[in-house]
Asker: 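Got a structure for you, written out below as structure tokens; questions coming shortly.
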Protein chains: 2
Amino acid sequence: MLDLRRLVLLRELAARGTLAAVAEALSYSPSAVSQQLSLLEKEAGVPLLRRSGRGVRLTPQAEVLVAAAGELLDTLERAEAELAASATEVRGRVRVAVFQSAALALMPAALREMGRRHPQVRVEMVQREPESALHETWAREFDLVVAEHYPAHAAPWLMGLDRRDLTTDAIRLALPPRDEAPTAVEDLDGARALPWVMEPRGTASRHFAEQTCRAAGFEPEVRYETADLQAQIRLVESGNAVALLPDLVWTGRPTTARLVDLPAHPRRTVFTAQRVAGLRSPAVSAFRDTLETVAAAV
Amino acid sequence: MLDLRRLVLLRELAARGTLAAVAEALSYSPSAVSQQLSLLEKEAGVPLLRRSGRGVRLTPQAEVLVAAAGELLDTLERAEAELAASATEVRGRVRVAVFQSAALALMPAALREMGRRHPQVRVEMVQREPESALHETWAREFDLVVAEHYPAHAAPWLMGLDRRDLTTDAIRLALPPRDEAPTAVEDLDGARALPWVMEPRGTASRHFAEQTCRAAGFEPEVRYETADLQAQIRLVESGNAVALLPDLVWTGRPTTARLVDLPAHPRRTVFTAQRVAGLRSPAVSAFRDTLETVAAAV
DNA sequence: CGGAATCATCAGAAGAACTGACGACTACTG
DNA sequence: CAGTAGTCGTCAGTTCTTCTGATGATTCCG
């Protein structure tokens with residue numbers, strides 16, 4: 001009978017490409033991974049790996065096993081969830097990936113409320129960019145992800161994930177306070193010549209910001225680039241840049257920046273997602289519900 | 001993550017009832033089973049076993065895991081079958097359970113033919129009564145079973161098994177040779193007062209034989225009872241008893257017994273069965289095909 | 001109230017898996 | 001076209017898990 005732990009290694013290899021990356025991801029030594037996969041190959045009786053360059057490639061037969069490994073993990077996860085659901089008290093561990101502004105605005109209250117409702121649930125939080133967070137949740141590194149969705153940007157790859165919207169918030173133009181601003185800027189068009197701060201290339205937020213500027217008829221000069229929205233705020237408040245920021249970043253802190261509505265009144269959607277196989281897990285559901293309560297209150 | 005090997009132990013426990021039986025069945029020591037199940041309980045985080053008298057009972061939560069274990073094994077088996085199917089050459093191991101007369105009449109030729117067609121397949125044969133053979137095949141102790149089906153006897157429990165008929169053979173009254181027989185018996189009615197040899201109580205064959213006699217208007221005196229049809233033959237040939245025997249028992253040996261058709265011309269069906277999850281296994285399929293070829297030739 | 005059956009626990013033995021070092025090979029880089 | 005870095009396979013030794021066998025507690029049965 002094929003060993004499940006080895007199948008998981010193979011599945012991870014299919015996802016990551018090299019033995020070294022698998023070892024890194026699952027905290028083994030590369031040698032252990034190599035040995036275990038050799039054993040799997042012997043168990044299976046057919047070649048699974050082919051050396052190709054300095055890496056390895058999976059044979060079609062290995063792909064069959066990868067698919068099976070996915071099914072097996074799903075079944076296991078479903079069983080664990082049912083098990084947990086049958087326990088009267090909600091308990092367990094929930095690993096959550098959250099992007100920065102949600103981490104700041106939502107998580108403190110959510111964690112406090114969760115501690116009150118379900119003290120036996122241990123919530124672990126890791127900050128991640130939405131794109132990688134979704135991927136890692138799919139790959140079972142997290143049980144729940146809080147991610148965002150910008151208008152006119154296709155929702156990134158949600159195969160096998162169950163998505164539920166948490167809240168939406170308006171995206172507005174953040175301008176320096178009047179006493180810091182040299183010129184009198186009052187709207188998007190007035191900001192066309194100013195230096196911008198945006199998130200790095202490749203993020204949904206950056207794409208949205210650039211598109212908005214182009215729709216207004218200019219190409220923004222992106223002088224500053226950071227994924228840290230708090231840093232963006234400081235740049236705006238100190239008069240060094242303008243930015244497009246969702247409202248959620250302002251919760252819980254006073255600001256001197258001036259916020260101006262955009263013509264199209266765009267809104268960002270904040271949502272949670274988890275693997276469908278884990279849907280019946282009461283601990284994850286409980287935290288998801290708590291998040292929704294907190295988000296509704298903001 | 002729950003350990004699959006431990007889930008299998010739990011599943012076996014659900015099927016067999018006591019730790020000792022599980023240990024016996026899977027060739028572990030009872031202590032190993034106890035320890036592994038304790039670990040599983042710790043992994044699961046919920047109680048799985050309850051001491052009850054001197055044995056143990058499964059909690060409802062354990063039943064959930066048992067169901068999951070079944071699913072997992074099915075998935076694994078399907079994957080292995082697909083894997084084997086993708087290999088160009090047919091190879092592997094096939095464990096077959098066969099009842100006595102098929103073992104004598106069919107298997108020698110089938111094994112020879114199989115060695116010719118697929119030398120890389122290792123066929124292991126165990127002789128078993130049809131009832132237990134079917135059950136053990138369901139329980140994954142065999143990959144293929146050759147069993148029989150008597151008329152008017154419900155096909156025993158084939159849940160999850162794929163059945164294919166191999167052949168049928170006439171069931172006839174076997175009478176002693178004339179020189180051994182004191183009285184001139186020529187048909188079923190004439191045998192009403194003679195001593196009978198039948199299979200043990202609880203077998204389909206016994207049930208059929210008794211019903212046949214009763215339909216003819218008498219209760220047979222079963223003086224001899226044995227599951228060994230070759231022994232029954234000897235008792236008939238030596239003039240000690242009469243019997244109802246399927247034709248297959250005569251293949252490959254000359255007989256002095258006289259065979260008389262029964263009024264209803266009943267036939268016994270010989271069939272093969274395997275778990276549906278293993279249907280794509282080429283080694284099992286190959287042997288099944290070989291058996292069908294051989295059976296057709298008899 | 002023995003005697004047999006069953007499971008839990010423990011210490012030690014057996015076995016499986018992992019680590020770290022080495023060597024072979026391949027791609028990239030200047 | 002060498003030098004360097006990245007990747008995998010293998011091997012010996014260690015670590016960790018799992019199994020065995022002995023012992024004790026509990027229950028059922030006669």
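FYI, side chains are in, hydrogens and waters are out, and symmetry mates aren't considered; it's all heavy atoms of this structure. Each chain gets a letter, A, B and so on, in the order the sequences are listed, and its residues count up from 1. Predicted model, so just to flag it, every value in this text is computed and none were measured.
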Asker: In this structure, how many angstroms lie between the P atom of C:dT9 and the CG atom of B:Leu37, rounded?
Answerer: 12 Å

Asker: Distance check, rounded to the nearest 0.5 Å: A:Glu77 atom CD versus A:Arg280 atom CZ?
Answerer: 13.0 Å

Asker: I need a per-nucleotide contact map over nucleotides 16-25 of chain D, read 5' to 3'. Cutoff is protein heavy atoms under 4.0 Å; write B for the base, S for backbone only, - otherwise.
Answerer: --SBBB----

Asker: Over how many whole Å does the gap from A:Arg16 atom CZ to D:dG6 atom C1' extend?
Answerer: 18 Å

Asker: From the options C:dA8, C:dC7, D:dG9, select the nucleotide whose nearest atom is closest to the side chain of A:Ser34.
Answerer: D:dG9

Asker: Can you check the A:Glu24 CD to D:dG6 C1' distance for me, whole Å?
Answerer: 14 Å

Asker: Should B:Arg78 and B:Glu80 count as an ion pair when the cut-off is N to O under 4.0 Å?
Answerer: no

Asker: Within this structure, what is the CE-CG distance for the pair B:Met1 and A:Leu4, rounded to the nearest 0.5 Å?
Answerer: 5.0 Å

Asker: Nearest whole Å is fine: how far is D:dG9 C1' from A:Arg50 CZ?
Answerer: 17 Å

Asker: Please report, rounded to the nearest Å, how far the C1' atom of C:dT6 is from the CZ atom of B:Arg57.
Answerer: 15 Å

Asker: Output yes when a side-chain donor or acceptor of B:Glu41 lies under 3.5 Å from a complementary backbone atom of B:Leu49, and no otherwise.
Answerer: yes

Asker: Can you name the one residue among B:Leu13, B:Leu48, B:Thr18 that meets side-chain contact (heavy atoms from CB on, under 4.5 Å) with B:Val56?
Answerer: B:Leu13

Asker: Within 45 degrees of the ring normal and closer than 6.0 Å to the centroid, is that where the cationic atom of A:Arg11 sits relative to A:Trp138?
Answerer: yes

Asker: Please state how far atom CG in A:Leu19 lies from atom C1' in C:dT19, giving the value in whole angstrom units.
Answerer: 16 Å

Asker: Between C:dA8, D:dC28, D:dG9, spot the one nearest the side chain of B:Arg54, thanks.
Answerer: D:dC28

